[in-house]
Amino acid sequence: MSRFAVGIELDGAGYHPAAWRRSRDEPAGLLSARTLQARVSAAENAGFTLATFDDSILPPDAGPAGRIDAPTRASFVAATTSTLGLVPAVATTYAEPFHTASALATLDYSSRGRAGWLATVDPGAAAAWGRVPRTTGVEVRREQRDSIEVARRLWDSWEDDAVIRDWGSGRFLDRDRLHYIDFEGETFSVKGPAIVPRPPQGQVVVFAHSATVFADESGHGPASSGSDLNPGQSISGSGTDSFGSADVVLVTGVDPDTAISAAERAAGDALVFVDLEVALDTPDHSAAERLAELDSHAAVEPRGRLHFSGSPDDLVRLLTRLSRHVDGVRLHPAVIDEDLPVLARVVLPVLFRTAIAHRPVPGATLRANLGLTRPANRYAEEQL
C-alpha cells in the first residue's frame, strides 16, 4: 500500500458499554463542548488522519442516554482543527439526502476541505423519523445507494466556477453552471440543484461499511440497525459499486486473517480500512485488568470486529502487518480517556518513525491525505 491512514472513533466514552465509568468526566460531561474539543485536539496533536463520530437518532444502547448529532459535533470542532479529517456518521435509511448533502458540504467549507461522511444505516429508527419502516436488506441497501447517489449529484450540481461575485455588474452566479440533478428513485425524487456551492474537495469523502445490511440468499432477509451490524459479514460483490459508490470501505473480522481476507474481497476502486477495537496496557493497569473491571459492570455485545488487547508494542506489530494489506485502520478505543493517550505517546510515534504511517499534511484536504484525487464535475464534463 502506498500510504496507511490511521483513524479513530470518538463517539461516547469508548466502545465498551461501561467505558463512561473510567472516563475523566462525569456522565453529563461526556456531552460537553469542553470534552469534545479536548479529545479532538488530542487526536489531531497525536497525528491521526481522521476522526469519526458515530451517531443515531436513537439513544445509545448503554451508558449515558444522550448524544449530540454527529454533524453538529464535527462542525463545532472544524474551525479549531487544521489537519484532522472530520467524518460524522449520518444514516441513509430515513434522513433526507438533500439535507444530508447540504450539511456535509457546509462542513467541508468550515473545515477547509477535511469533511467525510460515514454513511450508516438505521432501519430500527422508523418510528423516531415518522417514516414507513424499511425492513429488508434490499430496502436498506437501496436507500443507502440512492442517498449517496443523490448527495454526489447535488455536490456536482454547482460547477466550480458557478460563483462569480462580480460586484460591478451585480452578477454573483452563473446560472448556466448550476444544474438540476433530476433524480428519480423508488421512494423519493430530488430535483436540485443544491443550496450550497460545490464543496472544496469536489466530493466529500464517503465511508461505508462492507456489511451494510443482512440479507439471505434471495436478498430479502431482515435488515439490522447500524449499531447491530456484524461488520465481519461481507456483502456480495466487490469494488465501489457494491458499497454505494463509497470512497472508503470499512471491513473487519474476528481475527487478523479474517479481516485481511475481507479486505481482499472488498478490494476495488475504493480504499479499504479495517475496523479495530483496542484496549491497551497503561502505566497503571494491564489491558486484561482494565477489561475485567469494565466487564464486571457490563458485558460487551459481540459485533464481529477485530479486537486487540495488550501492549502498545504488540499493537504496533499488528498495525504493521495490516499496513501491507489495507489502506488504513479505524481504531475504536475501549476507553477513550485511557487508550488515546497511550496511542498518542507510544503507538503513533513508532508508526511515524518507521514510515508506516504519516502525519496529515497541514493545509491539505482529507482527500489528499488519503491519496484520493479531486473528482471532475460530472455536469461540467457533459458540456465539453
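This structure is a prediction, so every number in the text was calculated from the model and none was measured.
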Distance-only, no hydrogens or angles: does the [X] side chain make a donor-acceptor pair with backbone N or O of [Y] under 3.5 Å?
X	Y	result
Arg21	Ala18	no
Thr373	Pro375	no
Tyr15	Ile336	no
Asn369	Pro360	no
Arg359	Asn45	yes
Ser323	Phe4	no
Arg177	Trp158	no
Ser147	Gln144	no
Asp108	Gln201	yes
Asp327	Phe273	no

dist Ile260:CD1 -> Thr252:OG1 (nearest 0.5 Å) comes out at 11.0 Å
Spacing of CZ belonging to Arg330 relative to CZ belonging to Arg305, to within rounding of 0.5 Å
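Here the interatomic distance stands at 6.5 Å.
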Nearest non-hydrogen partners of [X] and [Y], listed with the distance:
X	Y	result
Leu154	Pro97	CD1-O, 4.3 Å
Val90	Pro71	CG2-CG, 3.7 Å
Arg374	Pro199	NH2-O, 3.5 Å

May I ask whether [X] and [Y] are part of the same hydrophobic cluster, defined by side-chain heavy atoms of I, L, V, M, F, W, Y residues being less than 4.5 angstrom apart, directly or through others?
X	Y	value
Leu340	Leu36	yes
Leu291	Leu331	no
Val335	Val342	no
Val300	Trp20	no
Ile57	Leu31	no

Check: Quick one: do the Thr52 and Glu9 side chains pair a donor with an acceptor below 3.5 Å?
Finding: yes
Subject >> Check: Thr80/Gln37 side-chain N/O donor and acceptor closer than 3.5 Å >> reply: yes
Q | More than 12 heavy atoms from other groups under 6.0 Å of OH on Tyr180 | A | no
If you count every heavy atom of other residues, nucleotides or ligands that lies below 6.0 Å from Glu26 atom CD, does the total exceed 12?
no
Check whether any side-chain heavy atom of [X] sits under 4.5 Å from a side-chain heavy atom of [Y], and report yes or no.
X	Y	value
Val121	Arg141	no
Pro88	Arg73	no
Val248	Val206	no
Pro197	Asp160	no
Glu277	Phe308	no
Thr49	Leu370	yes

Review point. What's the verdict on salt bridge (Lys or Arg N to Asp or Glu O under 4.0 Å) for Arg317 and Asp314, showing C-alpha distance, side-chain angles and the deciding distance?
Key: CA-CA 5 Å; Arg317 281 189 279 273; Asp314 286 340; 2.4 Å; yes
Check against salt bridge (Lys or Arg N to Asp or Glu O under 4.0 Å), Arg303 and Asp275 | CA-CA 11 Å; Arg303 301 191 182 200; Asp275 266 328; over 6 Å; no
Which of Arg22, Arg24, Arg290 passes salt bridge (Lys or Arg N to Asp or Glu O under 4.0 Å) with Asp337? Answer is Arg24
Note to self: Between Arg321 and Asp257, does the salt bridge (Lys or Arg N to Asp or Glu O under 4.0 Å) criterion hold? Intermediate values first, please.
What the structure shows: CA-CA 10 Å; Arg321 178 187 176 190; Asp257 289 336; 2.3 Å; yes
* Have a look at Phe48 and tell me which of Thr83, Leu348, Leu10 forms a side-chain contact (heavy atoms from CB on, under 4.5 Å) with it. =>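 When side-chain contact (heavy atoms from CB on, under 4.5 Å) is applied between Phe48 and each of Thr83, Leu348, Leu10, only Leu348 qualifies.
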Inset, instruction - Indicate the ring-plane relationship of Trp117 and Trp155, choosing parallel, tilted or perpendicular according to the 30° and 60° boundaries. - result: perpendicular
With Tyr109 via ring pair (Phe, Tyr, Trp, His ring centres under 6.0 Å) - residues at least two apart:
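Per chain and number, Tyr109 pairs via ring pair (Phe, Tyr, Trp, His ring centres under 6.0 Å) with no residue.
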For residues 95-104, the salt bridge (charged side-chain N to carboxylate O under 4.0 Å, His left out) pairs (sequence neighbours left out) are Glu96-Arg131
Test of understanding: with side-chain hydrogen bond (donor to acceptor under 3.5 Å, both in side chains), list the residues that count as partners of Asp255, not counting sequence neighbours.
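For Asp255, the residues satisfying side-chain hydrogen bond (donor to acceptor under 3.5 Å, both in side chains) (neighbours in sequence not counted) are Thr258.
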